[in-house]
Amino acid sequence: MTDAPILVVGGGPAGASAAATLAEAGLRVLLVEQRDQLGGAIHRQPALGAAHTVHAPARHRRNWAELARRIDAAGSRIELHTGTVFLGVDGDGRHLFDDRATGRVVARTIRAAVIAVGAVEKIHPFEGWDLPGVMTAGGAQVLLKETGVPPTGPTLVAGTGPLLLAVSAQLAKAGNPPVAVLERGRPWLRVNALLQMVGAGQQLAEAASYAATLLSHWVPYRTGTDILSVREDAAGLEVRVRRSGSVHSLRARHLLVHDGIEPNRVGIPIPDPEAAVPVVLAGDGREILGADAAILDGRRAACMILARLGLRLPDAQVEARLKAARNVQAAISNMFRSALPEPTPETLICRCEARRLSDFRSLPDDASAREIRLMGRFGMGVCQGRFCGSTIAALRGEAVPSVIPPRWPLRPVSLAALADLKTDELES
Amino acid sequence: MMSRIFWNDRVVPFRPGETIAAALGRAGILSLGPEGGPVRGRVFCGIGACQACVVSVEGGAPVEACLTLATGGLRIGSMPAVGGRND
């Protein structure tokens with residue numbers, strides 16, 4: 001068992017930082033990443049062989065260069081498997097992986113696990129959010145980083161939060177400035193929050209540079225603006241928006257939406273640093289603290305594992321720096337806070353199962369979470385509730401449950417591959 | 001190796017190293033179908049979480065277009081309708 005590697009799931013900043021820290025302490029690491037390259041969403045690299053660059057703050061580039069150097073320096077202590085999807089922990093406690101290159105499912109014996117699977121974007125549903133042409137702003141950003149090419153045709157960016165600025169500026173620099181940025185909040189009016197941001201010089205400088213890019217491309221930034229609905233016709237999308245009580249209609253080919261992010265926790269193992277095989281979460285998948293703090297949080301996770309294995313004391317400084325990041329995130333949330341518009345009855349809530357708000361309203365008021373799933377079919381589809389879960393919790397007036405039962409497989413997987421499961425045969 | 005894939009029998013070129021989603025997007029293919037279904041597939045979250053861009057693959061298991069690299073000659077198409085009523 002002491003020969004078994006430490007598993008790190010996810011090759012973004014938190015996972016890369018955890019893997020490097022563990023390897024530097026002399027441990028063997030099994031680093032598993034679903035994509036063909038490390039980097040995660042924030043440090044997504046151009047497609048292999050492509051030569052473009054996408055506008056990004058210098059500190060993000062420096063941060064990734066340093067993590068990549070540390071991963072490199074660890075050499076064979078890190079066993080890297082790209083193109084490999086973590087499927088979760090099965091009923092026998094086996095950690096399962098889908099090796100997409102060979103089409104095989106494999107299990108590995110591990111000594112401990114760091115799960116660093118990042119965040120998912122929150123999407124407040126509106127009528128038509130399910131249409132082709134509507135995409136998350138973060139998803140569009142990832143595609144842009146890979147290809148260097150923005151979507152073609154008129155593009156609207158809508159929802160709330162600082163990511164709208166970043167994506168819009170990057171689209172503008174890549175040659176297709178958005179028609180408009182539609183922000184639900186009114187960040188400039190939150191004076192208290194602005195004052196709280198004083199300690200966040202890097203983030204403010206980043207936002208100012210994005211704002212300058214938008215200004216120079218004449219991209220309007222409209223605050224206090226809600227999306228009401230989207231319709232599709234032969235020419236593209238008709239987007240109805242409401243601003244200061246009046247309703248306008250805008251045309252676009254692409255609508256990029258984003259309402260903040262939340263940890264990607266659906267179905268993944270419950271953290272337990274004291275278990276026989278300790279499990280620790282890291283990065284935005286544990287707590288939304290942003291890209292810079294994710295590196296720190298990966299280190300924190302690694303140090304927890306090292307402490308649990310009796311190899312090192314926990315790092316007290318890390319906690320203080322994470323607290324500073326937490327304060328910045330709280331200030332940002334406060335700055336962009338806004339009331340959500342009520343979706344129409346026809347609005348899809350659960351896209352996978354095509355269930356609408358009217359279907360939800362027809363369930364008994366006292367329906368349990370289980371009944372909402374089994375009778376209502378909400379959250380029963382292939383995304384496993386990653387996108388409707390927070391909406392349903394909000395409709396029920398409840399916070400999202402902090403503990404979501406672990407479940408496997410986390411992704412659809414071939415039955416033939418599962419039936420042919422091999423243990424400890426993950427091949428390079 | 002051919003640098004093209006087939007989407008529902010339509011020829012779609014791709015650049016080496018890019019995903020199916022990137023190739024379809026450049027070709028202007030936004031709807032992943034099936035046309036007339038209660039919901040249609042589309043690239044949405046870009047990180048393999050939402051499963052809205054899952055496409056069927058000839059000779060293999062369905063995959064997320066946003067995670068999967070295009071490879072020469074790959075034949076892919078719309079998934080069967082999802083979200084049909086179960087009552």
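Order of the sequence lines fixes the chain letters, A, B, ..., with proteins taken first and strands second; residue numbering starts at 1 for each chain. Fair warning: this is a prediction, and the values are worked out from it, not measured in the lab.
- For A:H254, the part lying near chain B is the side chain, with the backbone staying farther off; criterion is any non-hydrogen pair under 4.5 Å.
- Chosen from B:G28, B:C66, B:P62, B:G48, the residue pairing most often with chain A at heavy-atom distances under 4.5 Å is B:G48.
- Summarising the geometry, atom OG1 belonging to B:T19 is positioned 5.5 Å from atom CG belonging to A:L143; distances are rounded to the nearest 0.5 Å.
- We find that A:R377 and A:D359 are not joined by a salt bridge, their nearest charged nitrogen and carboxylate oxygen being 4.0 Å or further apart.
- Side chain to side chain, B:E35 and B:S31 meet the donor-acceptor criterion of an N or O pair below 3.5 Å.
- When only modelled atom types and interatomic distance are considered, A:N176 and A:T152 share no side-chain donor-acceptor pair under 3.5 Å.
- Heavy atoms closer than 4.5 Å to chain B are found in the side chain of A:V142, but not in its backbone.
- Both the backbone and the side chain of B:R40 come within less than 4.5 Å of a heavy atom of chain A.
- The part of A:E232 that comes within reach of chain B is its side chain, from C-beta onward, which places non-hydrogen atoms under 4.5 angstrom from that chain.
- Once rounded to the nearest 0.5 Å, the distance linking CG of A:L418 with CZ of A:R104 reads 13.0 Å.
- With chain B as the partner, the residue from A:M380, A:R411, A:R100 showing the most heavy-atom pairs under 4.5 Å is A:R411.
- The candidate with the highest count of non-hydrogen atom pairs below 4.5 Å against chain A, out of B:G25, B:G46, B:A21, B:A49, is B:A49.
- Only the backbone of A:A119 comes within contact range of chain B, with heavy atoms under 4.5 Å apart.
- At most 12 non-hydrogen atoms from other residues, nucleotides or ligands lie less than 6.0 angstrom from CZ of A:R231.
- Only the side chain of A:I123 comes within less than 4.5 Å of a heavy atom in chain B; its backbone stays farther off.
- The most heavy-atom pairs under 4.5 Å with chain B, out of A:D36, A:V257, A:T147, come from A:D36.
- With a 4.5 angstrom heavy-atom cutoff, B:L67 touches chain A via backbone and side-chain atoms both.
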Listing, residues 127-135 of chain A side-chain donor-acceptor contacts under 3.5 Å, not counting sequence neighbours, or none:
unit_1 : atom_1 : unit_2 : atom_2 : d
A:E127 : OE1    : A:T344 : OG1    : 2.6
A:W129 : NE1    : A:L348 : O      : 2.7

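- Contacts with chain B were tallied for A:Q141, A:Q384, A:R253; A:R253 has the most, counting heavy-atom pairs under 4.5 Å.
- Side-chain atoms of A:T136 and A:E121 include a donor-acceptor pair closer than 3.5 Å.
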